[in-house]
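See structure below.
Order of the sequence lines sets the chain letters (A, B, ...), proteins ahead of strands, with each chain counted from 1.
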Number of protein chains: 2
Amino acid sequence: MNNVEILIVDDEVQIRKMLFITLQSNAYKVSEASNAKDAIIRAANHPPELILLDLGLPDENGHIVLQKLREWYTKPIIILSAHSSEEDIVKALDNGANDYLVKPFRTGELLARIRSVLRSSKLEDESPLLKFGDLDLDLSSRIVRKKEEVVKLTSTEYALFSLLCKNDGKVLTHHYLLKQIWGPSYVNESQYLRVFIAQLRKKIEDDPNRPTHIITESGVGYRFL
Amino acid sequence: MNNVEILIVDDEVQIRKMLFITLQSNAYKVSEASNAKDAIIRAANHPPELILLDLGLPDENGHIVLQKLREWYTKPIIILSAHSSEEDIVKALDNGANDYLVKPFRTGELLARIRSVLRSSKLEDESPLLKFGDLDLDLSSRIVRKKEEVVKLTSTEYALFSLLCKNDGKVLTHHYLLKQIWGPSYVNESQYLRVFIAQLRKKIEDDPNRPTHIITESGVGYRFL
DNA sequence: CCAAATCTTTATAAAATCTTTACAACTTTA
DNA sequence: TAAAGTTGTAAAGATTTTATAAAGATTTGG
């Protein structure tokens, strides 16, 4: 489950069911509405990341529903419609729809279009943040924190630290670390590693003499916890 | 003329001509490329607001062209293709295309889809006033203030400053900054960056010798706070 | 066209980082 | 537990990277 919620708005039960299964099996969180009124209430109460909107609703014209939603809802809306007339398509897009798919559509294409609009609507919300006890590593902004305090690392120290973090729990061999950080021709320069591990421990361990994060596996390599 | 520039990439002269007329009569500024190489050069030299990309180019596979563009080009790309297979559509959308239209398409729909992607791409970078301590940046009027006083920046200085502001907190690499500000062929001219960073610091830092806003990440790049 | 502004290039100083050395401390193994 | 092998640490030296000023080249605006 990637925690992205999608609201399906369609009056036909079979289509809702089909969409529900498709989306859920692709790790989306799904909610449903079968008419315009319900759709607007649900969207308002618990705004989803994306709305799939059928234009042919029983209680209100789909274009009106779209306009009402767009008065305040800024996230993507994809139209699903049985009508393929240019007039409908242009009107929907100009009313703020992000995409328009004509029924029947191919599920692969629907999923790709969902990924596409979600991608471009994604501002900066998710920065992959790794947490290890009192240590945080933000990969996108390249920031390491210890107890909320930013720790200043040189580029080599950061490369080593992030590599250890990305493989937390695993033992990384000297050979592997040297190859990844310094390159294949440095695989025998174990002393580099010792110097940099010591520097890292000084910066991130409470007591560098009794490390709890960077563990030595004698004769093999290091492990990050 | 609304000053929005669109780059048409298609090898067929008739289609280019048709698109040119359609777009120009709808107040877009239009440039053209008839092959992959030319397209990439044009997009790099003078990045348009949107690219219409035909997948069937003579000199290179369209999907590859799309990938190459997406390495650095962040604005919308709409694919125009004679192929309607689900495989092509999904692949293009997952490679970063914002929309996919199958030829022959209706011009009204094309224009509506152009408006749609331009609209959502505009939403992203519109946060009128950015504030960072004693610094203000108004993106729409291009005005920078330090303690209410307007700071006069040259266009290159402004480009650099606003790029840093828009990514505050993150480390931006030399490579990235050079590519964004000066273009892909300047990625090794690190000295430019040093000169302009120094000029910016003179203008916006209280003490340029002890910068608090533009932070050097040695060996990597710069970070704005 | 000229003058001012801006950008590019060069030179050099300063700072930060990396590499190497020497030796101390720890682990493993017999 | 002693010897051998491995790892840790500090600090000096070497190298790389960055900062800055200023001169030359180019562009821009009047």
Side-chain angles (χ1 to χ4, degrees), chain A residues 142 144 150-164 171-183 185-224, chain B residues 45-46 142 144 150-161 163-164 171-178 180-183 185-224:
Chain A
R142 239 190 106 90
V144 177
V150 172
V151 178
K152 192 169 158 36
L153 299 183
T154 72
S155 62
T156 308
E157 286 163 7
Y158 178 83
L160 179 56
F161 182 70
S162 62
L163 188 56
L164 286 166
V171 178
L172 303 182
T173 64
H174 303 135
H175 188 276
Y176 176 80
L177 289 166
L178 287 161
K179 193 170 179 180
Q180 293 301 310
I181 310 285
W182 282 272
S185 56
Y186 288 73
V187 291
N188 294 313
E189 303 285 346
S190 315
Q191 181 56 18
Y192 284 19
L193 208 43
R194 294 193 197 105
V195 171
F196 278 83
I197 290 285
Q199 281 170 1
L200 266 183
R201 281 175 174 157
K202 263 200 273 188
K203 293 183 178 184
I204 63 162
E205 297 283 3
D206 285 324
D207 179 359
N209 296 324
R210 258 177 238 83
T212 59
H213 283 115
I214 302 177
I215 308 300
T216 302
E217 298 285 345
S218 195
V220 187
Y222 296 92
R223 177 208 304 276
F224 186 82
Chain B
N45 285 343
H46 189 49
R142 288 175 62 99
V144 178
V150 172
V151 178
K152 191 169 157 38
L153 299 184
T154 71
S155 64
T156 309
E157 285 164 7
Y158 177 82
L160 179 56
F161 181 70
L163 189 55
L164 287 165
V171 176
L172 302 183
T173 63
H174 303 133
H175 188 274
Y176 176 81
L177 289 167
L178 287 161
Q180 294 301 311
I181 310 285
W182 283 272
S185 55
Y186 288 74
V187 292
N188 294 312
E189 303 286 346
S190 315
Q191 183 57 19
Y192 284 21
L193 209 43
R194 296 199 192 100
V195 171
F196 278 83
I197 289 285
Q199 281 169 1
L200 267 182
R201 280 176 175 158
K202 263 198 272 189
K203 294 184 178 183
I204 63 162
E205 297 283 2
D206 285 324
D207 178 358
N209 296 325
R210 259 176 238 82
T212 60
H213 283 114
I214 301 178
I215 307 299
T216 301
E217 297 284 345
S218 194
V220 187
Y222 296 92
R223 178 205 304 280
F224 187 81

Against A:Phe196, only a single residue in A:Tyr222, A:Tyr186, A:Trp182, A:Phe161 fulfils ring pair (Phe, Tyr, Trp, His ring centres under 6.0 Å); can you say which? A:Trp182
Of B:Lys202 and B:Glu217, the one whose nearest nucleotide on DNA chain D sits closer to the 5' end is B:Glu217
How close or far is atom C1' of C:dC7 from atom CD1 of B:Ile197, stated in whole angstroms? 16 Å
Does the side chain of A:Thr212 come within less than 4.5 Å of A:Asp206's, by heavy atoms? no
Dump the pairs, protein N or O against N or O of nucleotides 22-29 of chain D, anything under 3.5 Å, distances to one decimal.
none

Base, sugar-phosphate, or nothing: which does A:Tyr222 touch, judged by heavy atoms less than 4.0 Å apart? sugar-phosphate
Side chains of A:Leu172 and A:Leu164: does their closest heavy-atom pair fall under 4.5 Å? yes
Without decimals, in angstroms, what is the distance between A:Leu160 CG and C:dT19 P? 13 Å
Only counting residues at least two apart or in another chain, list the ones meeting salt bridge (Lys or Arg N to Asp or Glu O under 4.0 Å) with A:Glu189. none
Any A:Ser155 side-chain nitrogen or oxygen under 4.0 Å from OP1 or OP2 of C:dC18: yes
How close or far is atom P of C:dT17 from atom NZ of A:Lys203, stated in whole angstroms? 7 Å
Does A:Gln191 make a side-chain donor-acceptor contact with the base of D:dT9, cut-off 3.5 Å? yes
Ignoring the backbone of B:Arg194, work out which of D:dA21, C:dC18, D:dT17 is nearest its side chain. D:dT17
DNA chain C nearest-nucleotide lookup for A:Tyr186 and B:Glu157: closer to the 5′ end is B:Glu157
Can you find a heavy atom in the side chain of A:Ile181 that is under 4.5 Å from one in the side chain of A:Leu193? no
Output the rounded distance in Å from NE2 (A:His174) to C1' (C:dT27). 13 Å
In whole angstroms, how far is the P atom of C:dT17 from the CG atom of A:Leu153? 10 Å
Could you state the CD1-P distance from B:Ile215 to C:dA16, rounded to the nearest angstrom? 12 Å
Side chain of B:Glu205, backbone of B:Ile214: donor and acceptor closer than 3.5 Å? yes
Separation of B:Glu205 atom CD from D:dT20 atom C1', in whole Å? 15 Å
Within-4.5 Å side-chain heavy-atom neighbours: A:Ile197 and A:Leu160: yes
Grab the N/O contacts between the protein and nucleotides 28-30 of chain C below 3.5 Å, and write none if there aren't any.
none

Going through the distances and angles, do A:Lys203 and A:Glu157 end up as a salt bridge (Lys or Arg N to Asp or Glu O under 4.0 Å)? CA-CA 10 Å; A:Lys203 293 183 178 184; A:Glu157 286 163 7; 2.7 Å; yes
Return the orientation label for the B:Phe224 and B:His213 ring planes: parallel under 30°, perpendicular over 60°, tilted otherwise. parallel
Hey, could you give me the CD1/CD distance between A:Ile204 and A:Gln199, rounded to the nearest 0.5 Å? 12.5 Å
Choose from D:dA19, D:dG8, C:dC18 the nucleotide whose nearest atom is closest to any side-chain atom of A:Thr216. D:dG8
Measure CG/A:Asn188 against P/C:dT20 and give the value in whole Å, please. 13 Å
Examine C:dC7: is either OP1 or OP2 under 4.0 Å from a nitrogen or oxygen in the side chain of B:Trp182? Give yes or no. no
Heavy-atom nearest nucleotide on DNA chain C taken for A:Thr156 and for B:Thr154; more 5' hit belongs to B:Thr154
Strictly below 4.0 Å: does A:Tyr192 bring a side-chain N or O up to OP1 or OP2 of C:dT21? no
It should be established whether A:Asn209 places a side-chain nitrogen or oxygen under 4.0 Å from OP1 or OP2 of nucleotide C:dC26. no
